[in-house]
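In what follows, a structure is listed as C-alpha coordinates, so that the remarks can point back to it.
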There are 2 protein chains.
Amino acid sequence: MPTSTVENYLKAILVRSTGDEAVVATGALAEALGVTPGTITTMVKSMASRGLLEHQPREGVRLTPEGRTLAMAVVRKHRLVETFLVQVLHMDWKEVHEEAEALEHAISDRVLLRIDAILGYPVADPHGDPIPSRKSHLLERGKGVTLATCEALKPFRVERILDQSPVFLEFIQRTGLKPGARVRVRDRDPASGVVRCDLKDSEATLGLPEAAKIEVKAV
Amino acid sequence: MPTSTVENYLKAILVRSTGDEAVVATGALAEALGVTPGTITTMVKSMASRGLLEHQPREGVRLTPEGRTLAMAVVRKHRLVETFLVQVLHMDWKEVHEEAEALEHAISDRVLLRIDAILGYPVADPHGDPIPSRKSHLLERGKGVTLATCEALKPFRVERILDQSPVFLEFIQRTGLKPGARVRVRDRDPASGVVRCDLKDSEATLGLPEAAKIEVKAV
DNA sequence: ATTTTGTCTTTGACGACTCAAAGAGATTAT
DNA sequence: ATAATCTCTTTGAGTCGTCAAAGACAAAAT
(Lines give C-alpha, C1' and ligand atoms only; values in the text may rest on other atoms or scores of the structure.)
Protein backbone atom coordinates (compact mmCIF):
# COMPACT_ATOMS: atom_id res chain seq x y z
CA MET A 1 0.00 0.00 0.00
CA PRO A 2 1.71 3.15 -1.21
CA THR A 3 1.53 6.27 0.94
CA SER A 4 -0.42 9.21 -0.39
CA THR A 5 2.86 10.92 -1.21
CA VAL A 6 3.90 8.04 -3.40
CA GLU A 7 0.47 8.07 -5.02
CA ASN A 8 0.92 11.72 -5.86
CA TYR A 9 4.31 11.07 -7.39
CA LEU A 10 2.89 8.24 -9.48
CA LYS A 11 0.03 10.36 -10.70
CA ALA A 12 2.30 13.28 -11.56
CA ILE A 13 4.55 10.98 -13.58
CA LEU A 14 1.68 9.29 -15.37
CA VAL A 15 -0.06 12.41 -16.56
CA ARG A 16 3.27 13.72 -17.80
CA SER A 17 4.52 10.64 -19.59
CA THR A 18 3.68 11.26 -23.19
CA GLY A 19 4.11 9.03 -26.19
CA ASP A 20 6.31 5.98 -26.56
CA GLU A 21 9.30 6.65 -24.40
CA ALA A 22 7.15 7.99 -21.59
CA VAL A 23 10.18 9.40 -19.83
CA VAL A 24 9.63 12.29 -17.46
CA ALA A 25 12.38 14.65 -16.34
CA THR A 26 12.83 14.87 -12.60
CA GLY A 27 12.90 18.64 -12.84
CA ALA A 28 9.39 18.66 -14.24
CA LEU A 29 8.27 16.61 -11.26
CA ALA A 30 9.92 18.96 -8.79
CA GLU A 31 8.04 21.80 -10.43
CA ALA A 32 4.76 19.91 -10.51
CA LEU A 33 4.88 18.61 -6.97
CA GLY A 34 6.25 21.78 -5.45
CA VAL A 35 9.32 20.22 -3.86
CA THR A 36 13.03 20.76 -4.38
CA PRO A 37 14.93 18.74 -7.00
CA GLY A 38 16.85 16.91 -4.30
CA THR A 39 13.64 15.63 -2.82
CA ILE A 40 12.60 14.21 -6.17
CA THR A 41 15.89 12.40 -6.57
CA THR A 42 15.53 10.83 -3.15
CA MET A 43 11.91 9.77 -3.61
CA VAL A 44 12.51 8.51 -7.09
CA LYS A 45 15.32 6.29 -5.90
CA SER A 46 13.16 4.79 -3.21
CA MET A 47 10.29 4.26 -5.61
CA ALA A 48 12.67 2.63 -8.09
CA SER A 49 13.83 0.23 -5.39
CA ARG A 50 10.19 -0.65 -4.81
CA GLY A 51 9.80 -1.49 -8.47
CA LEU A 52 7.38 1.32 -9.25
CA LEU A 53 9.59 3.02 -11.81
CA GLU A 54 12.97 3.04 -13.52
CA HIS A 55 15.37 5.86 -13.00
CA GLN A 56 18.07 6.79 -15.51
CA PRO A 57 20.16 9.34 -13.60
CA ARG A 58 20.17 12.67 -15.38
CA GLU A 59 17.77 11.30 -17.95
CA GLY A 60 14.46 10.88 -16.26
CA VAL A 61 12.02 8.41 -14.94
CA ARG A 62 9.66 5.85 -16.45
CA LEU A 63 6.86 3.94 -14.76
CA THR A 64 7.05 0.16 -14.62
CA PRO A 65 3.88 -1.77 -15.46
CA GLU A 66 3.19 -2.02 -11.74
CA GLY A 67 3.70 1.68 -11.18
CA ARG A 68 1.55 2.44 -14.16
CA THR A 69 -1.30 0.30 -12.87
CA LEU A 70 -1.16 1.98 -9.48
CA ALA A 71 -1.02 5.42 -11.07
CA MET A 72 -4.02 4.66 -13.28
CA ALA A 73 -5.99 3.63 -10.22
CA VAL A 74 -5.21 6.95 -8.56
CA VAL A 75 -6.25 8.92 -11.62
CA ARG A 76 -9.41 6.88 -11.82
CA LYS A 77 -10.21 7.63 -8.20
CA HIS A 78 -9.52 11.29 -8.63
CA ARG A 79 -11.80 11.67 -11.61
CA LEU A 80 -14.61 9.57 -10.24
CA VAL A 81 -14.52 11.54 -7.02
CA GLU A 82 -14.61 14.81 -8.95
CA THR A 83 -17.59 13.62 -10.90
CA PHE A 84 -19.31 12.47 -7.74
CA LEU A 85 -18.77 15.78 -6.00
CA VAL A 86 -20.34 17.63 -8.90
CA GLN A 87 -23.18 15.30 -9.78
CA VAL A 88 -24.27 14.03 -6.39
CA LEU A 89 -23.07 16.64 -3.93
CA HIS A 90 -23.77 19.46 -6.40
CA MET A 91 -20.53 21.17 -5.74
CA ASP A 92 -19.09 23.83 -7.96
CA TRP A 93 -16.93 22.23 -10.62
CA LYS A 94 -14.25 24.85 -9.99
CA GLU A 95 -13.81 23.61 -6.41
CA VAL A 96 -13.81 19.89 -6.85
CA HIS A 97 -10.27 19.44 -8.09
CA GLU A 98 -8.63 20.25 -4.80
CA GLU A 99 -11.22 18.34 -2.81
CA ALA A 100 -10.60 15.26 -4.92
CA GLU A 101 -6.88 15.74 -4.40
CA ALA A 102 -7.35 14.84 -0.74
CA LEU A 103 -10.16 12.32 -1.07
CA GLU A 104 -8.43 10.21 -3.72
CA HIS A 105 -6.04 8.89 -1.09
CA ALA A 106 -8.66 8.05 1.51
CA ILE A 107 -11.33 6.29 -0.53
CA SER A 108 -11.40 2.51 -0.54
CA ASP A 109 -12.12 0.46 -3.64
CA ARG A 110 -15.38 -0.59 -2.05
CA VAL A 111 -16.62 2.97 -1.76
CA LEU A 112 -15.29 3.79 -5.20
CA LEU A 113 -17.33 1.02 -6.75
CA ARG A 114 -20.50 2.36 -5.17
CA ILE A 115 -19.75 5.81 -6.44
CA ASP A 116 -19.06 4.47 -9.91
CA ALA A 117 -22.37 2.61 -9.90
CA ILE A 118 -24.38 5.55 -8.62
CA LEU A 119 -22.93 7.72 -11.36
CA GLY A 120 -23.78 5.13 -14.00
CA TYR A 121 -20.16 4.28 -14.88
CA PRO A 122 -19.23 7.63 -16.41
CA VAL A 123 -16.43 7.82 -18.98
CA ALA A 124 -15.39 11.43 -18.39
CA ASP A 125 -15.17 13.77 -15.43
CA PRO A 126 -16.65 17.30 -15.32
CA HIS A 127 -13.58 18.73 -17.05
CA GLY A 128 -13.90 16.26 -19.86
CA ASP A 129 -10.94 14.18 -18.73
CA PRO A 130 -11.46 10.50 -19.49
CA ILE A 131 -12.00 8.20 -16.51
CA PRO A 132 -9.85 5.09 -16.89
CA SER A 133 -11.72 1.84 -16.54
CA ARG A 134 -10.79 -0.52 -13.74
CA LYS A 135 -8.47 -2.59 -15.91
CA SER A 136 -7.29 0.01 -18.32
CA HIS A 137 -3.54 0.41 -18.70
CA LEU A 138 -3.64 3.27 -21.13
CA LEU A 139 -4.18 6.90 -20.33
CA GLU A 140 -5.86 8.43 -23.35
CA ARG A 141 -4.00 11.49 -24.49
CA GLY A 142 -5.56 14.55 -25.98
CA LYS A 143 -6.10 14.17 -29.72
CA GLY A 144 -4.51 17.53 -30.16
CA VAL A 145 -7.46 19.30 -31.74
CA THR A 146 -7.98 22.44 -29.70
CA LEU A 147 -9.34 25.91 -30.20
CA ALA A 148 -5.79 26.85 -31.12
CA THR A 149 -5.57 24.38 -34.01
CA CYS A 150 -9.08 23.51 -35.20
CA GLU A 151 -10.42 24.68 -38.50
CA ALA A 152 -12.02 28.12 -38.35
CA LEU A 153 -15.68 28.80 -39.07
CA LYS A 154 -16.64 25.14 -38.65
CA PRO A 155 -18.74 23.98 -35.71
CA PHE A 156 -17.07 22.10 -32.88
CA ARG A 157 -17.99 20.90 -29.44
CA VAL A 158 -15.83 21.45 -26.35
CA GLU A 159 -14.50 18.06 -25.34
CA ARG A 160 -12.07 18.61 -22.54
CA ILE A 161 -10.39 21.30 -20.45
CA LEU A 162 -6.66 20.68 -20.14
CA ASP A 163 -5.99 23.06 -17.24
CA GLN A 164 -7.48 22.60 -13.79
CA SER A 165 -6.32 25.84 -12.22
CA PRO A 166 -9.08 27.84 -10.52
CA VAL A 167 -8.44 31.00 -12.54
CA PHE A 168 -8.74 29.18 -15.80
CA LEU A 169 -11.83 27.25 -14.76
CA GLU A 170 -13.34 30.51 -13.60
CA PHE A 171 -12.80 31.89 -17.10
CA ILE A 172 -14.31 28.77 -18.66
CA GLN A 173 -17.31 29.09 -16.41
CA ARG A 174 -17.73 32.77 -17.25
CA THR A 175 -17.60 32.26 -20.99
CA GLY A 176 -19.58 29.04 -21.00
CA LEU A 177 -16.81 27.10 -22.77
CA LYS A 178 -17.52 24.02 -20.65
CA PRO A 179 -17.37 20.49 -22.04
CA GLY A 180 -20.37 19.93 -24.27
CA ALA A 181 -20.68 23.55 -25.40
CA ARG A 182 -20.94 24.28 -29.13
CA VAL A 183 -18.24 26.60 -30.38
CA ARG A 184 -16.95 28.04 -33.66
CA VAL A 185 -13.66 29.88 -34.16
CA ARG A 186 -14.43 33.12 -35.91
CA ASP A 187 -10.84 34.19 -36.45
CA ARG A 188 -7.39 33.57 -35.14
CA ASP A 189 -4.66 36.22 -35.32
CA PRO A 190 -1.13 34.85 -34.81
CA ALA A 191 0.27 38.36 -34.76
CA SER A 192 -1.73 39.51 -31.77
CA GLY A 193 -2.10 35.98 -30.40
CA VAL A 194 -5.83 36.35 -30.09
CA VAL A 195 -8.57 33.81 -30.84
CA ARG A 196 -12.18 34.90 -31.17
CA CYS A 197 -14.98 32.36 -30.89
CA ASP A 198 -18.71 32.31 -31.23
CA LEU A 199 -20.85 30.36 -28.82
CA LYS A 200 -24.56 29.71 -28.83
CA ASP A 201 -25.53 33.25 -27.95
CA SER A 202 -22.34 34.87 -26.85
CA GLU A 203 -18.74 35.18 -27.89
CA ALA A 204 -15.39 34.71 -26.25
CA THR A 205 -11.91 36.09 -26.81
CA LEU A 206 -8.82 34.35 -25.56
CA GLY A 207 -5.08 34.04 -26.10
CA LEU A 208 -3.48 31.27 -28.12
CA PRO A 209 -1.90 29.43 -25.18
CA GLU A 210 -5.28 29.42 -23.47
CA ALA A 211 -7.04 28.24 -26.62
CA ALA A 212 -4.63 25.32 -26.72
CA LYS A 213 -6.00 24.19 -23.36
CA ILE A 214 -9.48 23.67 -24.74
CA GLU A 215 -9.83 20.45 -26.64
CA VAL A 216 -12.63 20.29 -29.19
CA LYS A 217 -14.19 17.80 -31.55
CA ALA A 218 -15.89 18.33 -34.89
CA VAL A 219 -19.64 18.06 -34.73
CA MET B 1 -4.37 22.12 11.02
CA PRO B 2 -3.76 18.96 13.00
CA THR B 3 -2.43 15.89 11.24
CA SER B 4 -4.71 12.90 11.00
CA THR B 5 -2.71 11.22 13.75
CA VAL B 6 -3.40 14.11 16.10
CA GLU B 7 -7.05 14.00 15.11
CA ASN B 8 -7.18 10.34 16.06
CA TYR B 9 -5.59 11.06 19.41
CA LEU B 10 -8.10 13.84 20.07
CA LYS B 11 -11.02 11.64 19.16
CA ALA B 12 -9.78 8.78 21.31
CA ILE B 13 -9.41 11.10 24.28
CA LEU B 14 -12.80 12.71 23.78
CA VAL B 15 -14.83 9.56 23.60
CA ARG B 16 -13.06 8.29 26.72
CA SER B 17 -13.31 11.39 28.85
CA THR B 18 -16.30 10.75 31.05
CA GLY B 19 -17.95 12.98 33.59
CA ASP B 20 -16.57 16.08 35.26
CA GLU B 21 -12.87 15.46 35.59
CA ALA B 22 -12.65 14.09 32.08
CA VAL B 23 -9.16 12.76 32.70
CA VAL B 24 -8.00 9.87 30.55
CA ALA B 25 -5.11 7.60 31.50
CA THR B 26 -2.35 7.41 28.91
CA GLY B 27 -2.37 3.64 29.19
CA ALA B 28 -5.96 3.54 28.00
CA LEU B 29 -4.92 5.57 24.98
CA ALA B 30 -2.03 3.28 24.16
CA GLU B 31 -4.46 0.39 24.23
CA ALA B 32 -7.07 2.21 22.17
CA LEU B 33 -4.73 3.54 19.52
CA GLY B 34 -2.63 0.41 19.27
CA VAL B 35 0.71 2.06 20.02
CA THR B 36 3.23 1.61 22.81
CA PRO B 37 2.96 3.66 26.01
CA GLY B 38 6.13 5.54 25.14
CA THR B 39 4.57 6.76 21.94
CA ILE B 40 1.59 8.12 23.83
CA THR B 41 3.82 10.00 26.25
CA THR B 42 5.71 11.58 23.37
CA MET B 43 2.63 12.56 21.40
CA VAL B 44 0.81 13.80 24.45
CA LYS B 45 3.69 16.09 25.33
CA SER B 46 3.72 17.58 21.87
CA MET B 47 -0.04 18.01 21.87
CA ALA B 48 0.16 19.66 25.29
CA SER B 49 2.73 22.12 23.96
CA ARG B 50 0.30 22.94 21.17
CA GLY B 51 -2.38 23.72 23.69
CA LEU B 52 -4.68 20.85 22.75
CA LEU B 53 -4.60 19.18 26.15
CA GLU B 54 -3.11 19.24 29.64
CA HIS B 55 -0.87 16.46 30.81
CA GLN B 56 -0.39 15.59 34.47
CA PRO B 57 2.51 13.13 34.37
CA ARG B 58 1.43 9.76 35.75
CA GLU B 59 -2.10 11.06 36.17
CA GLY B 60 -3.55 11.41 32.74
CA VAL B 61 -4.63 13.84 30.14
CA ARG B 62 -7.47 16.33 29.75
CA LEU B 63 -8.55 18.18 26.63
CA THR B 64 -8.40 21.96 26.64
CA PRO B 65 -11.42 23.81 25.22
CA GLU B 66 -9.55 24.08 21.92
CA GLY B 67 -8.69 20.39 21.86
CA ARG B 68 -12.26 19.57 22.74
CA THR B 69 -13.64 21.66 19.91
CA LEU B 70 -11.30 20.01 17.43
CA ALA B 71 -12.16 16.56 18.74
CA MET B 72 -15.89 17.25 18.48
CA ALA B 73 -15.42 18.25 14.86
CA VAL B 74 -13.69 14.97 14.13
CA VAL B 75 -16.43 12.94 15.79
CA ARG B 76 -19.01 14.94 13.87
CA LYS B 77 -17.25 14.20 10.61
CA HIS B 78 -16.94 10.55 11.40
CA ARG B 79 -20.60 10.10 12.20
CA LEU B 80 -21.86 12.16 9.31
CA VAL B 81 -19.67 10.22 6.93
CA GLU B 82 -20.93 6.94 8.33
CA THR B 83 -24.50 8.06 7.88
CA PHE B 84 -23.76 9.21 4.35
CA LEU B 85 -22.15 5.92 3.40
CA VAL B 86 -25.20 4.02 4.58
CA GLN B 87 -27.98 6.30 3.39
CA VAL B 88 -26.61 7.57 0.11
CA LEU B 89 -24.05 5.00 -0.96
CA HIS B 90 -26.14 2.16 0.47
CA MET B 91 -23.22 0.50 2.08
CA ASP B 92 -23.53 -2.15 4.71
CA TRP B 93 -23.65 -0.51 8.13
CA LYS B 94 -21.18 -3.11 9.40
CA GLU B 95 -18.53 -1.83 6.98
CA VAL B 96 -18.87 1.89 7.30
CA HIS B 97 -16.99 2.38 10.54
CA GLU B 98 -13.59 1.63 9.10
CA GLU B 99 -14.29 3.52 5.90
CA ALA B 100 -15.25 6.59 7.90
CA GLU B 101 -12.09 6.18 9.92
CA ALA B 102 -10.07 7.11 6.84
CA LEU B 103 -12.46 9.57 5.25
CA GLU B 104 -12.93 11.69 8.36
CA HIS B 105 -9.41 13.08 7.91
CA ALA B 106 -9.75 13.89 4.24
CA ILE B 107 -13.12 15.59 4.03
CA SER B 108 -13.25 19.36 3.97
CA ASP B 109 -15.85 21.37 5.84
CA ARG B 110 -17.32 22.38 2.51
CA VAL B 111 -17.99 18.79 1.52
CA LEU B 112 -19.21 17.97 5.00
CA LEU B 113 -21.82 20.70 4.84
CA ARG B 114 -23.16 19.32 1.57
CA ILE B 115 -23.36 15.87 3.05
CA ASP B 116 -25.12 17.19 6.12
CA ALA B 117 -27.66 18.99 3.96
CA ILE B 118 -28.31 16.02 1.69
CA LEU B 119 -28.94 13.87 4.74
CA GLY B 120 -31.36 16.42 6.16
CA TYR B 121 -29.18 17.33 9.18
CA PRO B 122 -29.43 13.99 10.98
CA VAL B 123 -28.97 13.81 14.74
CA ALA B 124 -27.72 10.23 14.98
CA ASP B 125 -25.60 7.91 12.88
CA PRO B 126 -26.58 4.37 11.85
CA HIS B 127 -25.36 2.97 15.17
CA GLY B 128 -27.49 5.43 17.10
CA ASP B 129 -24.53 7.55 18.16
CA PRO B 130 -25.49 11.23 18.38
CA ILE B 131 -24.00 13.53 15.75
CA PRO B 132 -22.67 16.68 17.44
CA SER B 133 -23.93 19.90 15.92
CA ARG B 134 -21.45 22.30 14.39
CA LYS B 135 -21.11 24.39 17.53
CA SER B 136 -21.75 21.78 20.15
CA HIS B 137 -19.16 21.44 22.89
CA LEU B 138 -20.74 18.56 24.68
CA LEU B 139 -20.57 14.93 23.76
CA GLU B 140 -23.77 13.32 24.96
CA ARG B 141 -23.08 10.30 27.07
CA GLY B 142 -25.17 7.21 27.20
CA LYS B 143 -28.06 7.52 29.66
CA GLY B 144 -27.11 4.16 31.01
CA VAL B 145 -30.34 2.31 30.30
CA THR B 146 -29.37 -0.80 28.42
CA LEU B 147 -30.68 -4.29 27.89
CA ALA B 148 -28.59 -5.20 30.91
CA THR B 149 -30.34 -2.77 33.23
CA CYS B 150 -33.77 -1.94 31.86
CA GLU B 151 -36.96 -3.14 33.49
CA ALA B 152 -38.02 -6.60 32.32
CA LEU B 153 -41.23 -7.30 30.46
CA LYS B 154 -41.75 -3.64 29.54
CA PRO B 155 -41.43 -2.47 25.95
CA PHE B 156 -38.34 -0.56 24.89
CA ARG B 157 -36.80 0.68 21.67
CA VAL B 158 -33.14 0.15 20.74
CA GLU B 159 -31.51 3.57 20.86
CA ARG B 160 -27.82 3.08 20.32
CA ILE B 161 -25.17 0.41 19.83
CA LEU B 162 -22.14 1.05 22.02
CA ASP B 163 -19.71 -1.28 20.26
CA GLN B 164 -18.59 -0.80 16.68
CA SER B 165 -16.65 -4.01 16.24
CA PRO B 166 -17.61 -6.02 13.15
CA VAL B 167 -18.42 -9.19 15.08
CA PHE B 168 -20.80 -7.41 17.37
CA LEU B 169 -22.48 -5.49 14.56
CA GLU B 170 -22.84 -8.75 12.69
CA PHE B 171 -24.69 -10.16 15.70
CA ILE B 172 -26.89 -7.07 15.90
CA GLN B 173 -27.69 -7.42 12.24
CA ARG B 174 -28.52 -11.08 12.59
CA THR B 175 -30.87 -10.63 15.52
CA GLY B 176 -32.42 -7.40 14.24
CA LEU B 177 -31.49 -5.47 17.38
CA LYS B 178 -30.69 -2.38 15.31
CA PRO B 179 -31.50 1.15 16.48
CA GLY B 180 -35.23 1.67 16.20
CA ALA B 181 -36.18 -1.95 16.85
CA ARG B 182 -38.82 -2.73 19.51
CA VAL B 183 -37.56 -5.05 22.22
CA ARG B 184 -38.69 -6.50 25.55
CA VAL B 185 -36.53 -8.33 28.07
CA ARG B 186 -38.24 -11.60 28.89
CA ASP B 187 -35.84 -12.64 31.65
CA ARG B 188 -32.38 -12.00 32.91
CA ASP B 189 -30.40 -14.63 34.81
CA PRO B 190 -27.42 -13.23 36.73
CA ALA B 191 -26.29 -16.74 37.61
CA SER B 192 -25.83 -17.87 34.03
CA GLY B 193 -25.22 -14.32 32.76
CA VAL B 194 -27.86 -14.71 30.08
CA VAL B 195 -30.46 -12.20 28.87
CA ARG B 196 -33.39 -13.31 26.74
CA CYS B 197 -35.35 -10.78 24.72
CA ASP B 198 -38.41 -10.77 22.55
CA LEU B 199 -38.48 -8.82 19.33
CA LYS B 200 -41.32 -8.20 16.92
CA ASP B 201 -41.44 -11.74 15.61
CA SER B 202 -38.27 -13.34 16.85
CA GLU B 203 -36.24 -13.63 19.98
CA ALA B 204 -32.61 -13.11 20.94
CA THR B 205 -30.33 -14.46 23.63
CA LEU B 206 -27.19 -12.68 24.69
CA GLY B 207 -24.71 -12.35 27.54
CA LEU B 208 -24.84 -9.59 30.13
CA PRO B 209 -21.73 -7.70 28.93
CA GLU B 210 -23.19 -7.72 25.44
CA ALA B 211 -26.60 -6.59 26.69
CA ALA B 212 -24.84 -3.62 28.32
CA LYS B 213 -23.71 -2.48 24.89
CA ILE B 214 -27.26 -2.00 23.67
CA GLU B 215 -28.78 1.21 24.88
CA VAL B 216 -32.58 1.32 24.99
CA LYS B 217 -35.33 3.79 25.75
CA ALA B 218 -38.80 3.21 27.18
CA VAL B 219 -41.55 3.44 24.63
C1' DA C 1 8.89 -0.65 56.35
C1' DT C 2 10.42 -3.02 52.57
C1' DT C 3 9.54 -5.45 48.43
C1' DT C 4 6.80 -6.45 44.49
C1' DT C 5 3.93 -5.18 40.77
C1' DG C 6 1.93 -2.37 37.42
C1' DT C 7 1.93 1.88 35.03
C1' DC C 8 4.17 5.71 33.03
C1' DT C 9 8.41 8.19 31.20
C1' DT C 10 12.91 8.50 29.14
C1' DT C 11 16.30 7.38 25.87
C1' DG C 12 18.16 6.11 21.54
C1' DA C 13 16.91 4.73 17.18
C1' DC C 14 14.51 4.32 12.75
C1' DG C 15 11.59 5.18 8.32
C1' DA C 16 9.22 8.49 5.47
C1' DC C 17 9.49 13.00 3.58
C1' DT C 18 11.42 17.25 3.25
C1' DC C 19 14.99 21.30 2.62
C1' DA C 20 19.39 24.00 1.77
C1' DA C 21 23.55 24.09 -0.03
C1' DA C 22 27.36 22.13 -2.25
C1' DG C 23 28.98 19.18 -5.98
C1' DA C 24 28.88 16.78 -10.61
C1' DG C 25 27.37 16.23 -15.61
C1' DA C 26 25.85 17.78 -19.76
C1' DT C 27 24.70 21.44 -22.96
C1' DT C 28 25.32 25.88 -24.97
C1' DA C 29 27.87 29.93 -25.86
C1' DT C 30 32.00 32.17 -26.83
C1' DA D 1 38.44 24.22 -26.44
C1' DT D 2 37.14 26.57 -22.61
C1' DA D 3 33.92 28.79 -19.98
C1' DA D 4 29.30 29.59 -18.56
C1' DT D 5 24.89 27.79 -17.63
C1' DC D 6 21.42 24.64 -16.59
C1' DT D 7 19.90 20.57 -14.58
C1' DC D 8 20.37 16.84 -11.60
C1' DT D 9 22.51 14.41 -7.49
C1' DT D 10 24.70 14.24 -3.01
C1' DT D 11 25.21 15.40 1.67
C1' DG D 12 23.84 16.82 6.12
C1' DA D 13 20.12 18.02 8.71
C1' DG D 14 15.28 18.46 10.53
C1' DT D 15 10.23 17.00 11.59
C1' DC D 16 6.75 13.58 12.58
C1' DG D 17 5.23 9.41 14.35
C1' DT D 18 6.73 5.23 15.80
C1' DC D 19 9.23 1.22 18.65
C1' DA D 20 12.15 -1.36 22.16
C1' DA D 21 14.22 -1.35 26.19
C1' DA D 22 15.66 0.69 30.35
C1' DG D 23 14.47 3.61 34.15
C1' DA D 24 11.33 6.03 37.66
C1' DC D 25 7.22 6.25 40.42
C1' DA D 26 3.27 4.88 43.21
C1' DA D 27 0.15 1.71 44.94
C1' DA D 28 -0.52 -2.82 46.84
C1' DA D 29 1.32 -6.86 49.20
C1' DT D 30 3.99 -8.85 52.58
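These numbers were taken from a predicted model, which means no experiment stands behind them. Residue numbers start from 1 in every chain, and the chains themselves are labelled A, B, ... in the order their sequence lines are given, proteins ahead of strands.
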Quick tally for nucleotides 2-17 of chain D: nucleotides whose base has a protein heavy atom under 4.0 Å get B, sugar-phosphate-only ones S, the rest -, giving ------BBB------S
* Just by distance, do the side chain of Asp189(A) and the backbone of Gly193(A) share a donor-acceptor pair under 3.5 Å? ->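 Pair absent, no side-chain N/O of Asp189(A) close to backbone of Gly193(A).
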message: If you apply the rule salt bridge (charged side-chain N to carboxylate O under 4.0 Å, His left out), what do you find for Asp109(B) with Arg134(B), and how did you get there?
response: CA-CA 10 Å; Asp109(B) 287 347; Arg134(B) 236 176 333 148; over 6 Å; no
Q) Is it the case that Lys213(A) places NZ or CZ above or below the six-membered ring of Phe168(A), under 6.0 angstrom from the centre and within 45 degrees of the axis? A)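 Checked: cation-pi criterion met.
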For Thr5(B), side-chain hydrogen bond (donor to acceptor under 3.5 Å, both in side chains) partners two or more places apart
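For Thr5(B) there are no side-chain hydrogen bond (donor to acceptor under 3.5 Å, both in side chains) partners, ignoring immediate neighbours.
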Please report, to 0.1 Å, the donor-acceptor pairs under 3.5 Å made by any side chain of residues 46-59 of chain B, with sequence neighbours excluded.
| from | atom 1 | to | atom 2 | distance (Å) |
| --- | --- | --- | --- | --- |
| Ser46(B) | OG | Met43(B) | O | 3.4 |
| Ser49(B) | OG | Ser46(B) | O | 2.8 |

